[in-house]
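Note that the structure is a prediction, hence the values are computed from the model and not measured. Chain letters run A, B, ... following the sequence lines, proteins first, then strands; residues in each count from 1.
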Amino acid sequence: MDQLSGLNPQQQQAMTVGGGPVLVLAGPGSGKTRVLTHRLAYLLGPLGVKPYNLMAVTFTNKAARQMEAQLEALLGHAPRGLTLGTFHATCARLLRREAQHMPFDANFVIFDDDDQRGLVKRILKEQNIDEKMHRPQAVHGRISRAKNELLLPADYPKISYRDEVVSRVYERYQQMLLSANALDFDDLLLYTAQLLEGNPEVREKYARRYEHVLVDEFQDTNQAQYLLLKHLASRHRNIFVVGDTDQSIYRWRGADYRNIQRFEADFPDAQVILLEQNYRSRQNILDAAMAVIKPNTHRTHKQLFSELGKGEKLTVQETFDGREEGAFIVNTIALGVAKGAEPGDYAVMYRTNAQSRQIEEAFLHASLPYKLVGAQRFYGRREIKDVLAYLRVVHNPADEPSLLRVINTPTRKIGAKTLSALRTLASNEKIALSAALLDLANGEGSQYYDAFSPAAARALVSFGKLLAGWTAEAPGMSSLQLLDKILADIDYQSYLDDGTEEGLDRWDNVLELRRLATEYDDQTLGDFLERIALVSDQDTLDDKANAPTLLTLHAAKGLEFPQVFIVGLEDGTLPHARSFDDVEAMEEERRLFYVGITRAKNRLYLLHSANRRTFGYSEPTDPSRYLEDVPDKLVEGGNPVLAGRPTRTVRVDQWAPPAEASVPILQPDYQAGMQVRHPTWGEGMVLNSKIEDGEEIVDVFFEDIGLKKLAASLARLELI
DNA sequence: GCATCGGATTTTTTT
DNA sequence: AATCCGATGC
């Protein structure tokens, strides 16, 4: 295999550079991921490094999976034993392995956002702190920030009264997490960094093991991540990091692009390699990107260049309001598709998740399918959280928040009063709530039975029996079997089915979770739960569906699309109003815009709307100040935002739908004669397929049950 | 113990 | 606009 094939000289240099610290400064589209994968292949192949001695960290699981696949293609086989994953997943694995050194045990659960906020809330209540004055989210934000900066509760600076409160809550928060045998996202990094810092034996073990450490998106590492990398590389000093300060967009969660400077200071012998050639975008797009990022301070200019030609000019368009913005997008896509573009070529990017709704409505209205990136949308749902909470309690009985969530869902007549009695009992006996419940499962034989009123005792006993049953059977069951048993035991389907459409939707979501469990059925319950806790938004992206993608600018990092819309380019939205009074935050907003621009390969649409609705009120807006930095000559018809030009608001509503747009823009994926397999009905033959209301409807003849009409997007058909 | 209603509050971005 | 919270009534 010629490993050097297809790489430019700088990329080759990065791939084959000798040992020691290496810093690759890579502009957008310069083939960062390619370089990382090729370097891994180079180390594993020609240099003969064992997979076991390599670590590569990425920011999303998707990126990790992509690298894995490319690596397999380069090597001809899948390397076994390679440490490749996100920071969080890698740390979680390490902590489980080293749990004997930690104040928690190996089957800890990972608390998500909701759990974290819920915990803070409980503490605020417990300590009689006014939630109005100290918003749970804000308090948690400060705690999270402290952890990212390696500040422990004891070291938390107490300058103001607010600090005093945060510090008190922080301390209790850590206690409560430990007592639930739980870690939050930040803990995964913090504890790992602490372990490596404080325990020389463990540090040596891993520092010896990892002969090479490779890091993607280095500009978005925080202090905890930096410290742990430093320790991991302390023995061999072969640390290879790739980053771009201009794409640093996670300052608010502790990321510190100054880590790049820190790296150069800590490793003065670091070799620096610059990747400037862009293989993604047309030159017009790169010129716009450079012009937009230029006003930022403290940056070294990168001359982005492309050999793909100038390409088409950009479109800067004002619409009347958000509704028309959606209509403009949908019309433009319909027109483009009618002229031969693929629906999947398009992406729509926005600053805040709330903006997606109106865009979705426009797509729904036009019966156009779309893909929405965002894991939270699924995993944050009540029914999903409920079911996961059951699994979590069985996996880790110490998880009190989950226990409290499920103990009365569906309702079992265990209300506030009974709960507080149970709590009192548990704290008097110094046992966990779950332990008390498991004992109560013995009915009248339980030593705790008489501590409750007869009705309360009965309710607790029956729940205790359920819990005891699951806990006893779980070890011999797969996640899927356990899930099914729980769903059946609590009759969750009838609980959800309240006769409304929404109830059915909720049950569908549970079935979707069940499908996910099927995928991970060969893994342990702990792996399954961890997997779910650490999914990133990008991980939910379905590459196969040929439909436009809707996503936030943050979620767009690392991705590319032939045609890109960046919408809501108004002062207050991008830059976001919350950033106005902070110079650094404003620079980050600009970088966010830059990241969005550089996602586009061929065509870029910049949209702003004269009126924007927030909190239910529609208000006039000003175009984003960043639009003024887009050079006149790069924009079709000139940049309308520049002084002296009349605005040209289109009223899309009044457009006659373009004739071409009425052509169905979906092409059937199936055609008559194809052999397919359905998960329940087995093999069959496609008799016909057509597009109806934006859905592909396939007629399939199954041997056993005959003719069925199926929606291609829902039935999980598999081509044979 | 549970359902309903009205009012307040919310939106930045995510592993 | 949508969700969350607390108070009220059953």
Determine the contact category for A:F87: base if any of its heavy atoms lies under 4.0 Å from a base atom, sugar-phosphate if only primed atoms, P, OP1 or OP2 are that close, otherwise nothing. nothing
Original post:
Between A:N259 and A:T221, does any side-chain donor sit less than 3.5 Å from a side-chain acceptor?
Top reply: yes
Please state whether the phosphate of B:dT11, meaning OP1 or OP2, lies under 4.0 angstrom from any side-chain nitrogen or oxygen of A:Q137. yes
- Query: Does A:T552 have a side-chain nitrogen or oxygen under 4.0 Å from the phosphate oxygens OP1 or OP2 of B:dT14?
  - Reply: yes
### Message
Need one value for A:T573: base, sugar-phosphate or nothing, where a base atom within 4.0 Å counts as base even if backbone is also close, heavy atoms only.
### Response
nothing
A:R578 atom CZ is separated from B:dT10 atom P, nearest whole Å, by 9 Å
Whole-Å distance, A:R145 CZ to B:dT13 P, equals 17 Å
**Asked** Which word best sums up how the rings of A:Y520 and A:F528 line up, parallel for under 30°, tilted for 30 to 60°, or perpendicular for over 60°?
**Response** tilted
- Task: Report which part of the nucleic acid A:K557 touches: base, sugar-phosphate, or nothing (heavy-atom distance under 4.0 Å, all strands).
- Result: nothing
Rounded to whole Å, CD of A:E217 lies from P of B:dT15 at a distance of 12 Å
A:R357 meets the salt bridge (charged side-chain N to carboxylate O under 4.0 Å, His left out) criterion, sequence neighbours left out, with none
For A:Q116, which contact category applies under a 4.0 Å heavy-atom criterion: base, sugar-phosphate, or nothing? nothing
Atom CG of A:D582 and atom P of B:dT13 are separated, to the nearest Å, by 17 Å
Winner on side-chain proximity to A:A555, out of B:dT15, B:dT13, B:dT14, is B:dT14
Comparing A:K132 with A:E588, nearest DNA chain B nucleotide closer to 5' gives the residue A:K132
Between CG of A:L189 and C1' of B:dT14 the distance, given in whole Å, is 13 Å
Item to check | Electrostatic pair A:D256:A:R262 at N-O distance under 4.0 angstrom | outcome: yes
Regarding A:H608 and A:E570, is there a side-chain donor-to-acceptor distance under 3.5 Å anywhere? no
- Is the shortest side-chain N/O distance from A:N408 to OP1 or OP2 of B:dG1 below 4.0 Å? no
Within the pair A:T418 and B:dG1, is there a side-chain N or O less than 4.0 Å away from OP1 or OP2? yes
message = Looking at A:N353, I'd like to know whether one of its side-chain N or O atoms comes within less than 4.0 Å of OP1 or OP2 on B:dT14.
response = yes
Next item on the list: Report yes if at least one side-chain N or O of A:R135 is closer than 4.0 Å to OP1 or OP2 of B:dT10; otherwise report no.
Entry: yes
To the nearest angstrom, the OH-P distance between A:Y617 and B:dT10 comes to 14 Å
Comparing A:L592 with A:K417, nearest DNA chain B nucleotide closer to 5' gives the residue A:K417
Sorted by chain and residue number, the ring-ring contact (aromatic ring centres under 6.0 Å, His included) partners of A:Y370 (sequence neighbours excluded) come out as A:F363
Quiz item: Quick one: do A:R253 and A:D186 make a salt bridge, cutoff under 4.0 Å?
Solution: no
Under 5.5 Å centre to centre and under 30° between planes: does that hold for A:W252 and the six-membered base ring of B:dT13? yes
Quiz prompt | Spacing of the C1' atoms in C:dG6 and B:dT11 (rounded, Å) | solution = 23 Å
5'-most to 3'-most nt of DNA chain C touching chain A (<4.0 Å, heavy-atom partner on protein side) reads C:dA1 to C:dC5
Note to self: Here's one to test your reading of the geometry: is the NZ or CZ of A:K385 within 45 degrees of the ring axis of A:Y379 and under 6.0 Å from its centre?
What the structure shows: no
note: A:H554, atom NE2; B:dT11, atom C1'; distance rounded to Å ~ 14 Å
From CZ of A:R117 across to P of B:dT10 the rounded distance in Å is 12 Å
